[in-house]
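Sequence lines set the chain letters: A, B, ... in the order given, protein chains first and strands last, and positions in each chain run from 1. Scope of the values below: all heavy atoms of this structure, side chains included, with no hydrogens, waters or symmetry mates.
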Amino acid sequence: MSSAARKRLVTALLLAPAAVWLFLFLVLPFLAIVVFSLGERAPAGGYAPALTLAQYANLPARATAFWNTLVLAPAGALACLLIAYPVAYYLAIKTLPQRRLLLVALIVIPFWTSLLIRTYAWMYILGGRGIPAWLEMIGLPELRFINTPGAVLLGIVYGYLPLMILPIYISLERLDRRLLEASADLGATPFSTFFSVTLRLSLPGMMTGFSLVLILLLGEYLIPTLLGGGKVFFIGNALVDLFLQSRNWPFGSAIAVALVVIAVLLLLAANRLTARLSGARQVDLL
Amino acid sequence: MRGFVIAVYGFLYLPIALVVLFSFNAGRHASEFTGFSFQWYGRALSNTFLMEALTNSLIVATTSAGLAALCGTAAAIGLGRAGPRTRAVFDALFGAAIVVPGVVIGIATLVALVQLFGLVNPVLAALWPGDAPPRLALGYGSIIAAHGLFSTALVTMIVRARLGALGRDMVEASSDLYAGPFTTFRCIVLPQILPAILAGFLLAFTFSFDDFIVAFFVAGSQTTLPIYVFASIRRGVTPEINAIGALVLAASIVLVIAAQVLLRRRQPASA
């Protein structure tokens, strides 16, 4: 065997396990839900083969879930962005380099610890014995927080904030400080330096964070379930209901396909927008 | 701005602090702190259902993260040698594995596996010589496989970043000194990428251990810890959950810190 052929064989063998995995548990399942979405619900639940677009025509039956998701997910991602930016800016520009590592690690830790348990703590904080009781103690009228869109929004911001801070932090940290000095030397005020240099150059990081958080939020299930109390439900809740309770797999598959299509369209739109705004050609997803 | 940043850190850690605080509460209710006690830890540790779910989670997380570390490292090295077209295909698929919402991954895997089992099980039953043919079903295998997908993508990404930062000169020096490719890998490349592999393993483990939604779909009759905790929350909160929550948080924090330390070693600016 020639050495080039041998090299190719070794490369193929190295890639094979991951390729098998990707094929069996990503490509094949995707094809399966596309096929299922064209089928019908079997009388006892599950799937019966058919070739119809009826499931897609039926999507408006879950309009509330789509509506909630498509309003609250972008709103949550935007709120994350607005809160994350100053934090990322402070970490990248205002802190001493030797303290930065620890402060960034402190941001990462909550993201990698159980979202379920952290969200459950918010059930207590927002619930009757939490903030409403504290407010009552200082003489304010009783207010309801839990099981409202606001509670879901808060949970979203809480859960996904670290994922927004990191990419913005990275883009700000890589920023060439000499550009800021140059801008000041040329007579720009700190205010206009921020808007025409810093903000512009951190745009790719902002867009990466925004797209990533938005895409993940589209499939969110736990936060609307725990903090929305079944009143504020997302597409993820509709999917769990259709697959695990009413066992309408074809309709559920159609919704899942629609969700992926929406996610892809939003990602493409975000990429194009970033490209136009920053002049850069592409945005890394991670 | 400093005050705002401090407030955000407070916001991030408030729920964690509350869970830990109430895990030591002596009282039955989460409403007020009535004294310090370890009783809920004792109850949690002697709850057999809880311990079974914990064991399941540990088995699933260790296996899927281990497989992901192997496949992901192999893929990262392979992609370094592959042509641009192969690389583009893998990049797209790994990107999809990371970006597609877990709920869709869970559903798609469930649908595909149930269909596959429906085809394979009758064949197995017909071919099996004995009376009790093996039946493929959802369980450990399906959770491990579904978690491994995301984790392999994660490990590949981390190891590739490390390989990219690796100096070529040592590798060239090694082959100039007549070391075979395998010896060069073992003595030069592996020691340098090992921290990244370990970091990838730990992050994959944490992800798998914490994942609820994917497991919820593909677990079959198995229960993992997040599924158990979710079910308990729906039944009504007990302080036991705070104890197990505090333990899980502590374990994830240790793992994440370990992963970060490993990632930062000789590799600045990565997250």
Would you mind reporting whether A:W112 and B:I257 have side-chain heavy atoms less than 4.5 Å apart?
no
For B:L149, is it the side chain, the backbone, both or neither that has a heavy atom under 4.5 Å from a heavy atom of chain A?
both
Worked check of side chain to side chain contact (heavy atoms under 4.5 Å, CB included) between B:V5 and A:Y89:
CA-CA 10 Å; B:V5 173; A:Y89 186 84; over 6 Å; no
For B:V248, which atoms come within 4.5 Å of any heavy atom of chain A: side chain, backbone, both, or neither?
side chain
So, the part of B:F230 with a heavy atom under 4.5 Å from chain A: the answer is both
So A:L222 and B:I213, side chain to side chain contact (heavy atoms under 4.5 Å, CB included) or not? Walk me through it.
CA-CA 8 Å; A:L222 278 177; B:I213 194 72; over 6 Å; no
With a 4.5 Å cut-off on side-chain heavy atoms, are B:V104 and A:F30 touching?
yes
B:F4 and A:Y90 aromatic centres sub-6.0 Å:
no
Side chain, backbone, both or neither: which part of B:L67 has a heavy atom under 4.5 Å from chain A?
both
Counting only heavy atoms closer than 4.5 Å, note whether A:I83 contacts chain B via side chain, backbone, both or neither.
both
Chain B contact via A:Y158 - side chain, backbone, both or neither, heavy atoms under 4.5 Å:
both
Any heavy-atom pair between the side chains of B:I244 and A:I117 that's under 4.5 Å?
no
Region of B:L18 in contact with chain A, defined by heavy-atom distances below 4.5 Å:
side chain
Which atom of A:A32 lies closest to which atom of B:V111, heavy atoms considered
CB-CG1, 4.0 Å
Heavy-atom contact with chain A under 4.5 Å, split by part of B:T86:
side chain
Without swapping roles, check the side chain of B:Y13 against the backbone of A:L106 for a donor-acceptor pair under 3.5 Å.
yes
Yes or no on side chain to side chain contact (heavy atoms under 4.5 Å, CB included) for B:I233 and A:L116, after CA distance, side-chain angles and deciding distance?
CA-CA 10 Å; B:I233 291 173; A:L116 174 57; 4.0 Å; yes
Heavy-atom cut-off 4.5 Å, strictly under: side chain, backbone, both or neither for B:F11 against chain A?
both
Minimal non-hydrogen separation, A:G219 against B:P101, with atom names
CA-CB, 3.7 Å
Is it the side chain or the backbone of A:L259 that comes within 4.5 Å of chain B heavy atoms, both, or neither?
side chain
Counting only non-hydrogen atoms closer than 4.5 Å, does B:L79 touch chain A with its backbone (N, CA, C, O), its side chain (CB onward), both, or neither?
both
Sort B:L113 into side chain, backbone, both or neither according to what part of it lies under 4.5 angstrom from a heavy atom of chain A.
side chain
Atom group of A:L244 that falls short of 4.5 Å from chain B, counting heavy atoms:
side chain
Which region of A:A84, side chain (C-beta onward) or backbone (N, CA, C, O), has a non-hydrogen atom less than 4.5 Å from a non-hydrogen atom of chain B, or is it both or neither?
neither
Could you look at B:R234 and say if it's the side chain, the backbone, both or neither that has a heavy atom under 4.5 Å from chain A?
side chain
Side chain to side chain, A:W249 and B:L110, heavy atoms closer than 4.5 Å:
yes
Side chains of A:F111 and B:V256 in contact at under 4.5 Å (non-hydrogen atoms)
no
Only counting residues at least two apart or in another chain, list the ones meeting side chain to side chain contact (heavy atoms under 4.5 Å, CB included) with A:L96.
A:Q98, A:R99
Side chain, backbone, both or neither: which part of B:F209 has a heavy atom under 4.5 Å from chain A?
neither
Can you name the nearest heavy-atom pair linking B:V19 to A:A121, along with the distance?
CG2-CB, 3.6 Å
Show your working on side chain to side chain contact (heavy atoms under 4.5 Å, CB included) between A:L115 and B:D210 and close with a plain yes or no.
CA-CA 8 Å; A:L115 180 63; B:D210 281 341; over 6 Å; no
Which bit of A:P162 comes within less than 4.5 Å of chain B, counting heavy atoms only: side chain, backbone, both or neither?
side chain
Evaluate the side-chain proximity of A:F25 to B:I105: yes if any heavy-atom separation is below 4.5 Å, no if none is.
no
Side chain proximity check, B:V114 to A:Y47, heavy atoms < 4.5 angstrom:
no
Per-residue tally against chain B (heavy atom, under 4.5 Å) across A:V27, A:L24, A:L101, A:V264 peaks at A:L101
Contact summary for B:T152 and A:A18, nearest pair of heavy atoms:
CG2-CB, 4.3 Å
Highest number of heavy-atom pairs under 4.5 Å with chain A: which of B:G102, B:G148, B:A97?
B:G148
Let me know if A:I215 has heavy atoms under 4.5 Å from chain B in its side chain, its backbone, both or neither.
both
